[in-house]
Every structure is written in C-alpha cells, then in structure tokens.
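Below, read A as the first sequence line, B as the second, and so on, with proteins coming before strands; counting in each chain starts at 1. Heavy-atom basis, side chains included; hydrogens, waters and symmetry copies ignored.
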2 protein chains.
Amino acid sequence: MEILDLDPIIHERVRLGIMTLLLQAGELDFQTLKRELGVTDGNLAQHLRVLEEHGLIRVHKAFAGRRPRTTYALTPEGHRRLQVYLDRLARILKSARRKRGSI
Amino acid sequence: MEILDLDPIIHERVRLGIMTLLLQAGELDFQTLKRELGVTDGNLAQHLRVLEEHGLIRVHKAFAGRRPRTTYALTPEGHRRLQVYLDRLARILKSARRKRGSI
DNA sequence: CCGTTATACTTTGCCACACAAAGTTCTTTT
DNA sequence: AAAAGAACTTTGTGTGGCAAAGTATAACGG
C-alpha cells in the first residue's frame with residue numbers, strides 16, 4: 001500500500017511542521033519555529049539536526065546586530081522530497097474520501 | 001501549530017493504512033490487511049491491538065467454513081476520529097500548497 | 001494417525017526515537 | 001559583576017516499531 005511509501009523522516013509530526021512552515025515562509029529563524037510549534041528548544045534542535053543530517057534543510061548562521069540568529073530553509077532536495085510526501089498524502093486523502101460506506 | 005493536533009495513534013503509518021483501508025472497505029479480514037500493507041503478521045497484530053485498545057476498531061471473530069476468519073471494522077468513535085484526522089490533514093495540505101515561494 | 005499447513009495471535013529482544021530537563025558557550029544588557 | 005538571551009548539547013527515560021520465533025487451534029494429506 002502506498003501509505004508505507006510515506007517518507008518516515010518527514011512523517012514525524014514536529015518535523016512535518018518544520019518542513020511545511022519552511023515551505024510557506026521560505027526561511028525562518030529558531031525562535032519563530034519554536035514559538036510556532038510550541039516545543040522546547042532542545043527538542044526543536046534535535047529535529048532540526050535530523051533534517052539537516054538528511055540534507056532536507058540548510059542552516060544559515062548569521063547575526064542580528066551582534067546577537068546570533070540562525071535561520072533555516074529547505075534545500076532543493078528537501079523541497080523535492082516534501083513535494084513527493086505531500087503528493088502521496090493528497091492521493092491517500094482523496095482515496096480515503098472516495099467510496100466511503102456505512103455510518 | 002495545528003500539525004501537533006494530529007492524533008498520534010492514527011498518525012503512525014501502518015495504523016493510518018489500516019484505518020483508511022477500513023474506511024474504504026467497511027470491513028476487512030486479517031489476511032487482506034496483511035497482504036495490502038505488506039507487513040508481518042506479528043507487526044500487524046500489534047497495531048490492530050493498539051487500535052482496538054483505543055476503541056478505534058472492533059474485532060469480529062467468525063469462521064469461513066471451519067477456518068477462523070477474523071474481520072475488523074471501524075467503530076463509530078474510530079470513524080469520527082479518523083474524519084477529524086483527515087480534515088486536519090487536508091487543511092495542512094491546503095495551507096502548504098498555498099503561498100509557496102522560490103524554487 | 002501423524003506430520004504439515006494455515007490462521008491469528010503472543011512473546012521476546014532490540015534498536016531507534018521522542019521528549020523533557022538540565023547543562024553549556026558565547027555574548028549582550030543592566 | 002550579574003542576569004539574561006540565543007542556540008545548542010547532553011543526559012535520562014520511557015515509549016514504540018519491527019522482525020523473528022513461539023503458541024493454540026484446527027484442518028488437510030497421505
């Protein structure tokens with residue numbers, strides 16, 4: 001079944017949240033992600049590292065004034081794999097809505 | 001963010017597969033689920049038990065001839081929660097497709 | 001009648017993973 | 001000098017997925 005083809009790295013909820021936020025915004029900083037997702041910073045950092053290690057996002061360390069401000073964005077590869085994931089999800093959704101019986 | 005409201009019990013891939021198959025077919029037996037999902041029987045049994053323990057599916061033990069044939073179907077509660085899950089997923093998908101920039 | 005096969009599990013063992021909480025480094029602000 | 005903020009890392013703990021093997025019941029084949 002096609003559901004099992006869903007990328008397990010992306011399928012995890014927090015990471016799916018990160019990926020879709022980045023898809024919409026293009027680029028986001030640590031604080032924004034943390035606030036949007038409502039997770040602890042340690043937890044967020046770990047998920048970000050998983051995504052980076054798999055080449056799905058890139059990290060850009062910069063400064064706002066003299067404060068560090070790290071921003072994150074999808075890599076082309078991450079963008080591509082997210083699209084595949086979302087396409088499969090859309091197809092699953094459509095087939096789930098189709099042909100429903102009873103209740 | 002809304003992604004974190006996705007029901008973790010349903011979100012797991014094999015269980016999502018079971019639930020959507022049952023939504024479409026109404027009722028399925030163990031062998032069909034196993035074949036469709038391509039998982040081991042032990043693995044399938046465990047996921048089915050999780051779903052049953054959470055009240056999302058009901059189990060009906062019957063016989064085909066004199067062979068045991070267990071069938072599974074969504075409970076009303078399972079049906080309701082799957083709908084909520086799918087609705088949230090659809091909204092996430094729509095918002096992800098909206099407003100995409102670059103690449 | 002006895003070994004094999006099928007169904008539907010349960011049990012065992014293992015590794016990965018999610019998460020919280022606390023610690024760390026560097027720097028800025030007061 | 002002290003406190004606070006950013007972005008982590010480390011540690012600890014519990015849960016979870018999965019494969020593989022074992023189990024109970026019953027049918028089938030020779």
Can you see if the side chain of [X] gets near the phosphate of [N] - specifically, an N or O under 4.0 Å from OP1 or OP2?
| X | N | result |
| --- | --- | --- |
| His47(B) | dG16(D) | no |
| Arg69(A) | dG5(D) | no |
| Thr70(B) | dT7(C) | no |
| Arg15(B) | dG17(D) | yes |
| Tyr72(A) | dC8(D) | yes |

Using whole Å, report how far [atom1] of [X] lies from [atom2] of [N].
| X | N | atom1 | atom2 | value |
| --- | --- | --- | --- | --- |
| His60(A) | dA6(D) | NE2 | C1' | 16 Å |
| Arg49(A) | dC19(C) | CZ | P | 15 Å |
| Leu44(B) | dT7(C) | CG | C1' | 12 Å |
| Arg35(B) | dA6(C) | CZ | P | 14 Å |
| Arg13(B) | dC17(C) | CZ | P | 12 Å |
| His11(B) | dC17(C) | NE2 | C1' | 14 Å |
| Leu48(B) | dC9(C) | CG | P | 8 Å |
| Phe30(B) | dT10(C) | CZ | C1' | 11 Å |

Partner of Arg15(B) under side-chain contact (heavy atoms from CB on, under 4.5 Å), chosen from Ile9(B), Thr20(B), Ile10(B):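 The side-chain contact (heavy atoms from CB on, under 4.5 Å) with Arg15(B) is passed solely by Ile9(B) among Ile9(B), Thr20(B), Ile10(B).
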
Taking Ile18(B) as the fixed residue, which of Leu74(B), Val39(B), Leu28(B), Leu48(B) is the one that meets the side-chain contact (heavy atoms from CB on, under 4.5 Å) rule? Leu48(B)

Excluding sequence neighbours, so at least two apart, what forms salt bridge (Lys or Arg N to Asp or Glu O under 4.0 Å) with Arg58(A)? none

Using a 3.5 Å distance criterion without hydrogens, assess whether the side chain of Thr70(B) forms a donor-acceptor pair with backbone atoms of Lys61(B).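 No, because the side chain of Thr70(B) does not come within donor-acceptor range (under 3.5 Å) of the backbone of Lys61(B).
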
For Arg13(B), check side-chain hydrogen bond (donor to acceptor under 3.5 Å, both in side chains) against everything at least two apart and list the hits.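 side-chain hydrogen bond (donor to acceptor under 3.5 Å, both in side chains) check on Arg13(B) returns nothing, list empty.
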
Apply side-chain hydrogen bond (donor to acceptor under 3.5 Å, both in side chains) to Glu27(B) and list each qualifying residue two or more places apart in sequence or on a separate chain.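 Only Thr71(B) meet the side-chain hydrogen bond (donor to acceptor under 3.5 Å, both in side chains) criterion with Glu27(B).
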
Shortest side-chain distance from [X], nucleotide among [options]:
| X | options | value |
| --- | --- | --- |
| Gln31(A) | dT11(C), dA6(D), dA8(C) | dA6(D) |
| Glu12(B) | dC18(D), dC8(D), dA18(C) | dC18(D) |
| Lys61(B) | dT10(C), dA8(C), dC9(C) | dC9(C) |

So for atom NE2, which belongs to His54(A), do other residues, nucleotides or ligands contribute more than 12 heavy atoms lying within a distance under 6.0 Å? no

Polar atom pairs (N or O), protein with nucleotides 19-21 of chain D, under 3.5 Å:
from	atom 1	to	atom 2	distance (Å)
dA19(D)	OP2	Thr40(B)	OG1	3.4
dA19(D)	N6	Gln46(B)	NE2	3.2

Is Glu77(A) salt-bridged to Arg80(A), going by a charged N under 4.0 Å from an acidic O?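 Looking at Arg80(A) together with Glu77(A), the answer is yes, because their closest N to O distance falls below 4.0 Å.
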
Would you give the length of the straight line joining atom CD1 of Ile92(A) to atom CG of Leu89(B), rounded to the nearest 0.5 angstrom?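 Atom-to-atom, Ile92(A):CD1 and Leu89(B):CG are 8.5 Å apart.
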
What verdict does the salt bridge (Lys or Arg N to Asp or Glu O under 4.0 Å) test give for Asp87(A) and Arg97(B), after you've listed the backbone C-alpha separation in whole Å, the side-chain angles of each residue and the deciding distance to 0.1 Å? CA-CA 10 Å; Asp87(A) 286 347; Arg97(B) 301 294 196 187; 2.6 Å; yes

The correct set of residues in residues 50-59 of chain B placing a heavy atom under 4.0 Å from DNA chain D is none

Do Arg88(A) and Gln83(A) meet the criterion of a side-chain donor-acceptor pair at a distance under 3.5 Å?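 No, because no side-chain N or O of Arg88(A) sits under 3.5 Å from a partner of the opposite role on Gln83(A).
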
Between His60(B) and Tyr72(B), is there a side-chain donor-acceptor contact under 3.5 Å, judged purely by atom types and distance? no

Which atom pairs link the protein and nucleotides 23-25 of chain D when you take only N or O atoms and keep those under 3.5 Å?
none

